Structure formats: C-alpha cells, structure tokens
Q: 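Next up is a structure, given as structure tokens.
Since this is a predicted model, take the numbers as computed values, not measurements. Excluded from the calculations below are hydrogen atoms, water molecules and symmetry mates; all remaining heavy atoms, backbone and side chain alike, are included.
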Amino acid sequence: MTQINKLKIFNDPIYGFITIPNELIYDLIQHPYFQRLRRISQMGLSYLVYPGANHTRFHHALGCMHLMQKAVESLRFKGVAISNEEECALLIAILLHDIGHGPFSHAMEKSIVEDVNHEAISLLFMNRLNDEFDGRLSLAIQVFKGEYHRKFMLQLISSQLDMDRMDYLKRDSFYTGVAEGNVNSERLIQMMNVVDNVLVIEEKGIYSVEKFLLSRRLMYWQAYLHKTSLVAELILMKVLKRAKELTLKGVKLPCSEPLLYFMQNKISLEDFDAEKLDLFSQLDDFDIISALKAWQRHPDFILSTLSKMIINRDLLKIKLSAEKIPMEESQSLKEEFAEAHNISALDAGYFIFRGKIKNQAYSKAAEPIRILKKDKTIEDVVEASDQLNLKSLSKLVTKYYICFPKQLI
C-alpha cells in the first residue's frame, strides 16, 4: 500500500500557501463532516448583492487555521511557551469552530433546527470526531469549551479580536469587494502577547486595533446587514417556516430526506443523538436551493411566491428607519395584500413584517481587548485610545425595518 503524503499545501487567494502541519489535521480536513463545509456558503445569500461572495466556510476554516499558525509562531518568538500538544489543540479547535453551521447558517437556526445554535452542534461534531480519532481531540475540545487553564488560548479562538473575526473580515472584504473590511491581520498578530495567561495587544498596535473595529462596523452595515442580504435571509426564513408548517399538516413537499426529517420533527439539543447528527451532516446549501427550485411550482401561494423571490432575485421591498415602525403601518399593508390575493391577514404576515437589527463593533460588556502599555500596565482599548470614535463604536446602534411586496408601494 502506498503511503499518502499528508503534509499538503492549499493555495489561498488571500494568504498564499497554507500548509497542513500534521497528519491528524489532514485526516480531519478529509473527513466528510469537514468536506461538507465546501457546500456551505460563508455569507449566506449575500451573493445576491455581491456576485463574488460565493466563498464557503471551508475556505474560512482553513484561513483561520493559517492565522492561528502565525499567532502561535509570533507568541513563541516573544517567549510564550506553547507546547506541540497545545499548538495542535489550538489548530484543531479553530479549524472545527464552524463545523456545526447549517445551510445558509443563521436562516436555518431560526426556522428548521430551532433552539439549537451552531456552536452547540459544532461541539457535538467535535465529540463525535474525538471518538473516531481515539480521544486525540480532547485537549482541543477543552480549549474550545473554555475549560483549559490558559485563558489566552480560548481568546485566540473566541473573543473580540480572535482568528475567526480576523479571517472573515479580510476574506469577506476580498470576495465582496468591500475594501473597508480589509484588516491588517498580519500586523495585529505580530502585536499580540500574553501576560498572566491573558491575551494583550502591545501599545504600538493600537491603531491596527482601531482600524480592525472600524472595519468590523463598516462590514456589518455594508455587507452582513446590507438591506438586500437582510431581506433575502428573512424571506428564506419565512419559506422554511411555511414549508415546516405545511409538512406538519401532512402536505407532501419535494425535498431531500435530511431536510424533510428536520421539517417533520422538532429537534432539541438533547435529541441530537448520533443518527440525528449524521442526518444533519447531510444537509447543505444544495438541499435548500433544490427545494426552493421545486417549491416554486407548488400550489401553495405563500410557499411558491416566496421561493420564486429568492430563485429569481425578485425580493420584497425593505425600508430601514432609525425610529420604530408603527404597527398600524404594517397592519394596513397586510389587509390590503390579503384582500388583493384572497388570503387571510395572518398569512399576509409572510409577506409583510417588521423587525430590528443591531450593530455593535465593540462590546464593553464582553471580554475586553486589552492594551499592554509601555509602563507594563494593561488598559481596555476604549480607555487607551485617543480616538473618540472608539467610544462611539462601543455604542449599540439599532435600526428598524419593515418588509412588504413591491406592488404595495
């Protein structure tokens, strides 16, 4: 039997060559659970706004792993002791941090697999892989859950300045063409250090942190919360909700078996046994898109109309406002639409609805980004910065929206 060379190289459009450091990580990347991420888009339906945004969670996970390799290298250079086992745990934890994402990510979490978030499913996948790989992921799981005594290791995976955010801002900026999101991850990583097992940024890196936070805010308004991406995701949630409603009433809908299973059953985290996890691992964006294509021709007016909207990119109108939108406005639109299409006012709620979105680039309530000053004191970045805009970046901004069909304008 020929021995496979497992120390392979990926060519990434952003970082250039990404190396696979060991055989365990190669085997994890090769696993069907991880290969599924090639079929899960990183930015959901944002390609309806930015045609280049077709990159996947597979790209993103590899990018995060690459940045983690750089971070470990930089910290070791500064004298932070990180053993080979700890390095491997960090790489595995960041590589698998998004493995629990469902098709079109957040739309799925709020409609089909309700009450179970992707972090919880990621952990289920990790535990399952740990069984398959004879416990070799145990330390990675401990770090991922925040149970390891070296706090900075969790901060590298999940914090307000982690490898995940550094990669998705840079990657999403690249694929959308929204230049404002292009962060200098290389410099941020070089400025990292560890004091008393806590991650800090050296004072000379403060401007890079400010730019990072500003980029995050701009990417949210221009890309993640772009009103067309937002309305497309909201419509997808309504389609899936309607499909689930019809399925539970006994209506047969054409779709893949895994999708049908999750529409027929309400699954809680406790219900997620090995069999359900396998079914979930068979779900990806293709299940949803092929279902939408089939549902366009379904006799149910709501299901077919909403499905066509996404497939043909002929979406609902969305209006954003700084003020709360009065209920009377949506109520009168619902009545008008219900009458025109001979449906109930309740069903018209699938086409006319209100809501709100929030954006906060930096949260003072969460674990702070700590700046290590020249005199060795440590300060929250908001206090250490001479930029007034950092204070405004930590304010929560709320916008309200109303969605309605174009013919009602």
Q: If only atom types and distance count, is the side chain of Y362 paired as donor or acceptor with the main-chain N or O of I369 below 3.5 Å?
A: yes
Q: Please identify each residue that fulfils salt bridge (charged side-chain N to carboxylate O under 4.0 Å, His left out) with K319, with sequence neighbours left out.
A: E329
Q: Between the side chain of S122 and the main-chain N/O of G100, is any donor-acceptor distance below 3.5 Å?
A: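 Yes, the answer is positive, given that a donor and an acceptor are paired below the 3.5 Å cut-off.
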Q: How many angstroms lie between atom OG of S281 and atom CG of L124, to the nearest 0.5 angstrom?
A: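 One finds 12.0 Å between OG of S281 and CG of L124.
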Q: Show the nearest heavy-atom pair for residues L90 and M153, with the distance to one decimal.
A: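 Closest approach of L90 to M153, heavy atoms only: CD2-O, 3.5 Å.
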Q: Tell me the closest heavy-atom pair linking I288 and P103, and the distance in Å.
A: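 Nearest pair, atom of I288 first, then P103: CG1-CB, 3.5 Å.
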Q: Working to the nearest 0.5 Å, report the span between OG of S385 and CD of E210.
A: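 Interatomic distance, S385 OG to E210 CD, rounded to 0.5 Å: 3.5 Å.
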Q: What's the separation between atom CG in D131 and atom CZ in R136, rounded to the nearest 0.5 Å?
A: 14.0 Å
Q: Regarding N184 and K211, do their side chains bring together a donor and an acceptor under 3.5 Å, going by distance alone?
A: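 Checked: N184/K211 side chains show no N/O donor-acceptor pair below 3.5 Å.
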Q: Could you verify whether a donor N or O on one side chain and an acceptor N or O on the other, from D172 and Y224, lie under 3.5 Å apart?
A: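 Side chains of D172 and Y224: pair found under 3.5 Å.
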Q: Please report the closest heavy-atom contact between M43 and H55, naming both atoms and the distance.
A: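 Distance-wise, the nearest heavy atoms are SD-CE1, 3.5 Å.
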Q: Calculate, to the nearest 0.5 Å, the distance between atoms CD and OG belonging to Q222 and S46 respectively.
A: 12.5 Å
Q: Nearest heavy-atom pair of A140 and I92: which atoms, and what distance?
A: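 Of all heavy-atom pairs spanning A140 and I92, the closest is CB-CG2, 3.7 Å.
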Q: Can you give me the closest heavy-atom contact between V143 and A89, atom names plus distance?
A: CG2-CB, 4.5 Å
Q: Quick one: pull up CD in E257 and OH in Y261 and give me the separation to the nearest 0.5 Å.
A: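 Result: 12.5 Å between the selected atoms.
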Q: In Å, rounded to the nearest 0.5 Å, how long is the span from CD1 of I352 to CD of E336?
A: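 Rounded to the nearest 0.5 Å, the CD1-CD separation comes to 8.0 Å.
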Q: Please check: side-chain N/O of R57 versus main-chain N/O of I40, any donor-acceptor pairing under 3.5 Å?
A: no
Q: So, R370 side chain and V198 main chain: donor-acceptor pair closer than 3.5 Å or not?
A: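 The answer is no, because no donor-acceptor pair under 3.5 Å joins these two groups.
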Q: Between F353 and K238, is there a cation-pi geometry (under 6.0 Å to ring centre, at most 45° from the normal)?
A: yes
Q: Please list, chain by chain and in numerical order, all residues satisfying side chain to side chain donor-acceptor pair (under 3.5 Å) with N54, sequence neighbours excluded.
A: none
Q: Please find out if less than 6.0 Å separates the ring center of H118 from that of H97.
A: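 No - the distance between ring centres of H118 and H97 does not fall below the 6.0 Å cut-off.
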Q: Can you check whether T19's main-chain N or O pairs, donor with acceptor, with Q69's side chain at less than 3.5 Å?
A: yes
Q: Can you name the ring pair (Phe, Tyr, Trp, His ring centres under 6.0 Å) partners of F351, sequence neighbours left out?
A: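 Partners of F351 by the ring pair (Phe, Tyr, Trp, His ring centres under 6.0 Å) criterion, ordered by chain and then number, come out as F301, F337.
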Q: Are more than 12 heavy atoms, taken from residues, nucleotides or ligands other than D196, located less than 6.0 Å from that residue's CG atom?
A: no
Q: Identify, with sequence neighbours excluded, every residue that meets side chain to side chain donor-acceptor pair (under 3.5 Å) alongside D273.
A: K276
Q: Would you call the rings of F280 and F125 parallel, tilted or perpendicular, taking 30° and 60° as the class edges?
A: tilted
Q: Where is the tightest heavy-atom contact between Y15 and D12, given as atom of each residue plus distance?
A: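 Smallest interatomic distance, heavy atoms only, reads N-OD2, 3.0 Å.
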Q: Could you work out, with salt bridge (charged side-chain N to carboxylate O under 4.0 Å, His left out) as the rule, every residue matching R150, not counting sequence neighbours?
A: E86
Q: Tell me whether the guanidinium CZ or amine NZ of K241 lies under 6.0 angstrom from the six-membered ring centre of Y350 and within 45° of its axis.
A: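 Here K241 passes the 6.0 Å and 45° test against Y350.
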Q: Angle class for the F133/H31 ring planes (parallel below 30°, perpendicular above 60°, tilted otherwise)?
A: tilted
Q: Strictly distance-based, threshold 3.5 Å: is any side-chain N or O of S74 a donor or acceptor partner for the main-chain N or O of I189?
A: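 Between the backbone of I189 and the side chain of S74 there is a qualifying donor-acceptor contact (under 3.5 Å).
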Q: Are any side-chain N or O atoms of R242 and backbone N or O atoms of S304, one a donor and one an acceptor, separated by less than 3.5 Å?
A: no
Q: Who are the side-chain contact (heavy atoms from CB on, under 4.5 Å) partners of E87, not counting sequence neighbours?
A: V72, R76, I82, N84, L91
Q: Is it the case that the side chains of S159 and D162 hold a donor-acceptor pair, with the cut-off being a distance below 3.5 Å and no angle test?
A: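 The criterion, which ignores hydrogens and geometry beyond distance, is not satisfied for S159 and D162.
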